Amino acid sequence: MSWIILLFVFIIASVKTRTSKKPMTVSVILPAYNEEETVGSVVKAVKSLNYVDEIIVVNDGSLDATERMAKEAGATVISHTKNRGKGAAIKTGFKNSKGDVVVFLDADLQKLTSKQVDKMIQPILKGEADVTKTKFKREAGRVTELTAKPLLSFFFPEIKFEQPLSGQFAAKRSFLNNIELEDDYGVDVGIVLDADVMGARVKEVDIGNINHAMSSLYELNIVATEVVRTIVDRANSYGRITMIDTLGRSIRMGVLGLSLITLGFFFIFFIRIRPSYMALYIGLAIIIIGLVIAAYYIIKILRASIKTILRPDDKSRNLKSFFYMHSPLVVSAIIMFAVLFTMLGSVHVSEGQISIEPSAKNVILWKQPGENQTIDIRGPYSIDSALENETSIVRIPQDALNTLELNYGDSVIINKERYTLNETLPMEDSTMRIPFDARTVLGLNVGDVIRDSDLRNYFKDIYAEKKLSLTTANMTATEGILLKNTASDAKIINLYLNNESIGSTTGILKDGTYRIYVNGYLYKTIQVDQESSQNTYYVTKGDDIIKIEIGGDAKSSAEFATSDQGILFYFNIPS
């Protein structure tokens, strides 16, 4: 009887042990850089999973409202004072998280669902995997197809994932504690390679359709460089790089030649030297040198390879040796051509502007026969101090002025101080000279270099007074606007003088009061209510009647200034 009681006690104890096993906790980390439009929806999708214990958004030096949107969505936010890279943001989040399972999600995912996130986590919670990575339906990534897969196939042929650079991961903390996370975009492929070598169970999970914001060619170049560096570093660390026969030197020199050719093209497109035509000449010289080196050694390699393949011994072994020894050269050639074709194929011209943003203006501008259209390449811009006795003048390049949609002679108000926009000095077509007080408010320092695409982020919500282009010489007009970094729904305002159209302007128009000045004096304050039927306002000066008509809908990245922000219009009508 006693043994039956002991057996019963043992069974109860076993059941109690199994049922009291502590469930794994889950932390979700989102590295984010200027992702105000999507970070909130990603956080909300994760937050709907009731078993997620913490959501951490690492704000990697964003210049927009990423931090605020993440907090409003319910995430814990850790901010870097400057942009340090995706991997560094992931490391910060990991160090400050506590979960047994750690999930990494990009903050720019569009229409992400909680079901997709759950698919990533469940295999680990169920004990089926130590690491999960995602694959999803989209057009193949250029960096993946043109760099990562060829290199992985050569150095790590056992890795067969469809999307090794998907960017969305989940892993046990015990695994992550034993690897070194990269500081940049190489972090994703680094996790895959470390898991492979360490024998961790990795599962690729299909999460269906998912959308990312498209990256520029410049950004893809950075990603590709960091991914290639990580793969090569891991290959070297894990003993995957060998060069064992007499062809090694020729292969390395052939790779050098192809690399020089690629460097030459990047020198032409992206390297900044004064005068700018020198970069073109230097780039062409590097290309020619690379062609000579590559051609010489490729011919030597082909001669030796033909002899190797035609040897009377084991043809299968010869072909296998040929493949393994020549893969670096083949991959380098593929990468070179891929970079060139991607660079040229990704150039999109729309409304006279080029979609890529090189670091220099070495690209030759041209006109199509019979068309009055040129390629407009803007930025980047170097920040410098103002000239002596120019404490109220901002010298700004024409390209930057075009991006801000302002003109020379216009004014900007920074911290209640008025600054007039003026032309740059000769040979300073990419330099912005800004007085100290204005630089302090804008968060800029002498020597900073900002991309054209970031320019509006620095000038966001700055009040400007812009001269309007009118078709009459009988008067001048100035409008007050707030600069925005994105285009929003706006209104067209048409101006008439004595019932004749003299011009129009476009801006975001909110309900509220707006001030109109005439010849230095406040003429009237108007009340705008877009639900009201009133859309016309009049200004009378002597025999002249100005009609201000709120017209149709449009898009604009400027907002008309309300009474508490500045003026709507300033009309100067000669007596």
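Model, not experiment: these values are computed from the prediction.
A search for side-chain contact (heavy atoms from CB on, under 4.5 Å) contacts involving E72 returns R68, M69, not counting sequence neighbours. A search for salt bridge (charged side-chain N to carboxylate O under 4.0 Å, His left out) contacts involving E559 returns K484, K510, not counting sequence neighbours. By the side-chain hydrogen bond (donor to acceptor under 3.5 Å, both in side chains) test, S411 pairs with no residue at all, sequence neighbours left out. Residues satisfying the side-chain hydrogen bond (donor to acceptor under 3.5 Å, both in side chains) criterion with D564, sequence neighbours excluded, are T562.
Side-chain atoms of V528 and L509, non-hydrogen and from C-beta on, do get closer than 4.5 Å to each other. Looking only at side-chain heavy atoms (C-beta outward), L30 and V28 come within less than 4.5 Å of each other. By the 4.5 Å heavy-atom criterion applied to side chains, E405 and R456 are counted as neighbours. Side-chain contact check for D106 versus K86: some heavy-atom pair is nearer than 4.5 Å.
At most 12 heavy atoms of other shown residues, nucleotides or ligands fall within 6.0 angstrom of atom CD in E37. Other residues, nucleotides and ligands place more than 12 heavy atoms under 6.0 Å from the NZ atom of K460.
No salt bridge links R395 with E428; every basic N to acidic carboxylate O contact stays at or beyond 4.0 Å. At a threshold of 4.0 Å, the pair K47-E54 does not count as salt-bridged, since none of the basic side-chain nitrogens sits closer than that to a carboxylate oxygen.
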As a quick check of understanding, evaluate side chain to side chain donor-acceptor pair (under 3.5 Å) for T440 and D437, giving each step before the final call. CA-CA 5 Å; T440 302; D437 291 343; 5.3 Å; no
Could you walk me through whether V102 and F104 pass the side-chain contact (heavy atoms from CB on, under 4.5 Å) check? CA-CA 7 Å; V102 184; F104 305 115; 3.6 Å; yes
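Side chain of N34 to main chain of S62: no donor-acceptor pair is present (N/O by atom type, distance under 3.5 Å, no hydrogens or angles). Using modelled atom types, no side-chain atom of D461 and backbone atom of L482 make a donor-acceptor pair closer than 3.5 Å. Between the side chain of Y408 and the main chain of I396, a donor-acceptor pair closer than 3.5 Å is present.
Sorted by first and then second residue, the salt bridge (charged side-chain N to carboxylate O under 4.0 Å, His left out) pairs involving residues 408-423 (not counting sequence neighbours) are R418-E465. For residues 550-571, every residue pair satisfying the ring-ring contact (aromatic ring centres under 6.0 Å, His included) rule, not counting sequence neighbours, is listed here: F569-F571.
Atom CG of N59 is separated from atom NE2 of H80 by 9.0 Å, given to the nearest 0.5 angstrom.
Counting all heavy atoms, side chain and backbone alike, E35 lies closest to D64 at N-OD2, 3.5 Å. Scanning both residues, L421 and V412, for their nearest heavy atoms gives CD2-CG2, 4.2 Å. Looking at every heavy atom in both residues, S114 comes nearest to L49 through O-CD2, 3.8 Å. In this structure, S41 and T38 approach most closely via the heavy-atom pair OG-O, 2.8 Å. Contact between T391 and P435 at its shortest, heavy atoms only, is O-CG, 3.5 Å. In this structure, A171 and V131 approach most closely via the heavy-atom pair CB-CG2, 4.0 Å.
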